[in-house]
Amino acid sequence: MSLISGGMEAGLHDCFDYILPLGTVIPCVAGAFQEHQVWFWTPEEADTINATDRCFTCWSQHKATMPVQLLKIIKGKYEPPLPSHLQREDLKHLHAGLDHTNKYFQGVVILSYPLTKLGDGTDFFKIVLQDNSCARIDSINILIYGKMADDCAKVIRNGDTCIVAGFKLAKSPTAREDGRHGCHLEVSEEAGSAIYIYAQPSTTTASETASASVAPKYVYTPLDHLKDGTIVNLYGIVKFFKPPYVSKGTDYCSVVTLVDQSNVKLTCTLFNGNLDSLPKIYKIGDIVRFHRIKIREYNGQMQGITSAGFASLTFDGTVGAPVVPRTSTKLSGVRPMLFFDLTCQLVGKAQVDGSSFLLKVWDGTKCPYPTWRVPIEARDLEGEKVLLHRLRNLTVDILVYDNHVQLAKSLKIGSFLRIYSIHTKQASAENEDVSHVEFHLHGGTCYGRGIGVLPESHPDVKELKTFLESVELADSQSMDSMSSLELDSTSNNIADLESQRCQQLSVTVLTDHQDLSNTVLKTIRNSRAPQQYRIRAKLRTFKPQKLYQSIKLHCSKCNSLQEVPDGDTFDLILQGSAVTPPNPELHSTSWYESVMWTTQDQKQRKITIHFVKHDEMLLYPEDTLLMIEGGTSKEIWKLTRRFKCVIPVRSTKNDLELLDLSAPFLLQGKVKYYGCKQCSTPKPIKNLSSLAAEPRPSWEPTEIAQVLGIEPLQYVFIMKFTLVDGTGALNAYLFDYEKFFQIPASEILSNNFLQQKMQMTMNTLCPPGRKLDDLPWLECFIKSYNITDGKKQQVYYQIFDTTVAEDVV
DNA sequence: GGTTAGGATTGG
């Protein structure tokens, strides 16, 4: 494999490690281009874990780096190079509230303080770094904690250049006195920080010798090499965990079972009085690094237990596929008599009795079953009254018991929680006709039962927040519009008001033609086409009921509609095209650079990737377009996560060409772009070079399609609405790219949230199980048109210039 | 420094 550039190679490594055979040696950017052997999970080893691809030497997907490293600068380049995901940040861009996750700060050490110990015994080392900005404020304090402080104190000398990554930015309490930057940077091994030191040339020899001897060389022991009574460093995938809970002693306890490439399990019992010192594991499949864990034999098996100086780091282990089948994380998917994990927000809490405590939570979805309400006095319920009332139909009561009560009490209203192994129990009270579903978090910690607080920065929380905000907004707007009704109403019953609103307000609105008056359906049916009408009607039923079937591909040139090809079709075409061997004469031309290798499994596939060059540079994978020959759809999807565009191609004698147009001609993000077979006239692939020659190619799918002679197909929602009013019924078609549902049809197939949003919208437009009288009104604009089928002429109707009301979306 | 727990659902 030739080395193209850091970013590209890292991308390839991430995307293809699983197709390289065990033991292959490849250059790996996270290991600073040291040559690493690749090891994998095989499905047999994985047990409940669906992680099949991981480099066990460097764990590069997680960009784990040695906490303190010594760098050299050779011919103006760092050696070893910095991890490619890091970008330099100037002093003037260091502000609280900005995301500095993948940023580093570089400066020269102008001052260092003696190594000291904090009150709790933690080592502490402070240095001052100066940048070369010549600005009024050109220096910043760096506070280094724990083992890293000790390591740095031994190595760092004034005049050294220091690179700090993975830092936390905090307000500097001494800024007024020392005149330095208003913030300081905090770093520690526990926070996953890294410090790279480039010793000043004049002192290189001395400093390098010193550094080399103290720079921590962590050795990670495979789990099949553990010996009783030793203290070791470990890496592993989390196979089981109990979120930290209060032990019967003085500490929090967390039990974590790991597995690694040796296929040996290790259960670790971790104690610490400080919750933050225990690993922040949120799901099975996460990856942890433990430093200084003690190994003991217990019941004939090795066991890990915290020892002095224990430190841990957790990496998100998301590979793509869902990990554990037993979990469901949304209330809308709850089924009775099961255990599930729930990611949610805390809205209210209350003490019920000595051994049980109530949590009122929501996740924006609605539980499909009637749920129980734990009877408590309103004054005992802590939480925002208005919100509790507003969300009353979306919150559920979870009763937690015994050992979980203490933790539950300490939870802050509004915080985001993951509650593990909630028991759903179906029950019915004497005075109830239908049974309800109860949610219990029983006492004890078996099966990982417990409560975890997710940080605001957790990707699942970010996603949930966005979703909750949209639901809450819709809800508050409907409350606003109700309150105006309330003024005119003599009734104080909220349910009455809701049903009144249902009767009066429309769940859809017109985006134009508001001046037009309504026409009843009977009149429309008795009129000639083509014409346009404003109507007010109810949605009695619609097709397809399975909403994903409403997505089709439309060619705006020939007006044809077709089904979206399924994944199998793509795989078959890829397999077919993989039969054509790559043509080496087409490799690495003036406008693309090619890499080829052979998989060493039985299939011996040849995979070729052609990176389209831009400006003679190949620095940013996320902006790069590549073409691939011989890959599988799984590999192609992996590439789309890291690179801007992927075009599947095959070799001919003289040029590369697109595959059959039943396969996507382009993949971008999670979207497959297809071309129309009738209307496309594929042009030579080298036409792409004209786009690449632009200063900043945007790689817009439409532009790519145009230069390749492809007539692009567009994703559309096609539905049949059966509308009724007092005078009659009428079938109208909905043909919508985005406007009606305010959801892009192109994105819905790959986005669960959008699918849920669409389902909720349809449930509002046409609530299942309601009588006609109770259905909401829709305000629509429709046009009639004639279709001649042979001799027969028929009138059709289509909805347009209509959108779902804001408080419904 | 000692202890805690040492994975293995269903009760209120």
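Here is the naming used below: chain letters follow the sequence lines, and residue numbers restart at 1 for every chain. These numbers come from the heavy atoms of this one structure, side chains and all, not from hydrogens, waters or symmetry mates.
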[N] [atom2] sits how many Å from [X] [atom1], rounded?
{"X": "Phe339(A)", "N": "dA8(B)", "atom1": "CZ", "atom2": "C1'", "answer": "12 Å"}
{"X": "Asn299(A)", "N": "dA5(B)", "atom1": "CG", "atom2": "C1'", "answer": "12 Å"}
{"X": "Gln301(A)", "N": "dG7(B)", "atom1": "CD", "atom2": "C1'", "answer": "11 Å"}
{"X": "Ile422(A)", "N": "dG12(B)", "atom1": "CD1", "atom2": "C1'", "answer": "17 Å"}
{"X": "Tyr252(A)", "N": "dT4(B)", "atom1": "OH", "atom2": "C1'", "answer": "14 Å"}
{"X": "Leu270(A)", "N": "dT3(B)", "atom1": "CG", "atom2": "P", "answer": "17 Å"}
{"X": "Lys294(A)", "N": "dG1(B)", "atom1": "NZ", "atom2": "C1'", "answer": "11 Å"}
{"X": "Phe439(A)", "N": "dG11(B)", "atom1": "CZ", "atom2": "C1'", "answer": "17 Å"}

Tell me whether the rings of Phe439(A) and Phe340(A) are parallel (<30°), tilted (30 to 60°) or perpendicular (>60°). perpendicular

Taking the inter-plane angle between the rings of His423(A) and His442(A) on a 0 to 90° scale, is it parallel (under 30°), tilted (30 to 60°) or perpendicular (over 60°)? tilted

Looking across every strand, which nucleic acid part, if any, lies under 4.0 Å from Gly443(A) by heavy atom: base, sugar-phosphate, or nothing? base

Assess whether one donor atom and one acceptor atom, taken from the side chain of His423(A) and the base of dT10(B), lie less than 3.5 Å apart. yes

I'd like to know if Thr257(A) reaches the base of dG7(B) with its side chain such that a donor and an acceptor end up less than 3.5 angstrom apart. yes

List in chain and number order the residues that pass side chain to side chain contact (heavy atoms under 4.5 Å, CB included) with [X], two or more places apart in sequence or in another chain; answer none if no residue qualifies.
{"X": "Thr466(A)", "result": "none"}
{"X": "Leu115(A)", "result": "Asp123(A), Phe125(A), Ala149(A), Asp150(A), Ala153(A)"}
{"X": "Pro455(A)", "result": "Tyr282(A), Ser457(A), His458(A)"}
{"X": "Thr445(A)", "result": "Lys242(A), Tyr245(A), Asn403(A)"}

I'd like to know whether the aromatic ring centres of Tyr113(A) and Phe124(A) sit less than 6.0 Å apart in this structure. no

Got a sec? Which of residues 398-407 of chain A come in under 4.0 Å of DNA chain B, heavy atoms? Tyr401(A), Asp402(A)

Please list, in numerical order, the residues of residues 351-362 of chain A that have a heavy atom closer than 4.0 Å to any atom of DNA chain B. Ser355(A)

Asn299(A): what forms a side chain to side chain donor-acceptor pair (under 3.5 Å) with it, not counting sequence neighbours? none

Closest non-hydrogen contact found for Ile305(A) with Ile293(A) is O-CG1, 3.3 Å

Starting the side chain at C-beta, find the nucleotide from [options] nearest to [X].
{"X": "Cys446(A)", "options": "dA8(B), dG12(B), dA5(B)", "answer": "dA8(B)"}
{"X": "Lys265(A)", "options": "dT4(B), dG7(B), dG11(B)", "answer": "dG7(B)"}
{"X": "Phe271(A)", "options": "dG11(B), dG6(B), dT4(B)", "answer": "dT4(B)"}
{"X": "Lys248(A)", "options": "dT10(B), dT4(B), dG7(B)", "answer": "dT4(B)"}
{"X": "Thr269(A)", "options": "dA5(B), dG12(B), dT9(B)", "answer": "dA5(B)"}
{"X": "Asp251(A)", "options": "dT10(B), dT3(B), dG6(B)", "answer": "dT3(B)"}

Gap in Å between the two C1' atoms, one belonging to dG6(B) and one to dT10(B), rounded: 23 Å

Is_stacked (Phe240(A), dG7(B)) at 5.5 Å, 30 deg: yes

Tyr447(A) aromatic ring stacked with six-membered ring of dA8(B), 5.5 Å and 30°: no

dG7(B), OP1 or OP2 - any side-chain N/O from Lys239(A) closer than 4.0 Å? no

Which salt bridge (Lys or Arg N to Asp or Glu O under 4.0 Å) pairs, counting each pair once, include a residue from residues 441-464 of chain A, with sequence neighbours left out? Arg418(A)-Asp460(A), Glu456(A)-Lys465(A)

Please figure out whether Thr250(A) or Leu441(A) has its closest DNA chain B nucleotide nearer the 5' end. Thr250(A)

Contacts table for residues 376-384 of chain A: side-chain donor-acceptor under 3.5 angstrom, sequence neighbours left out:
none

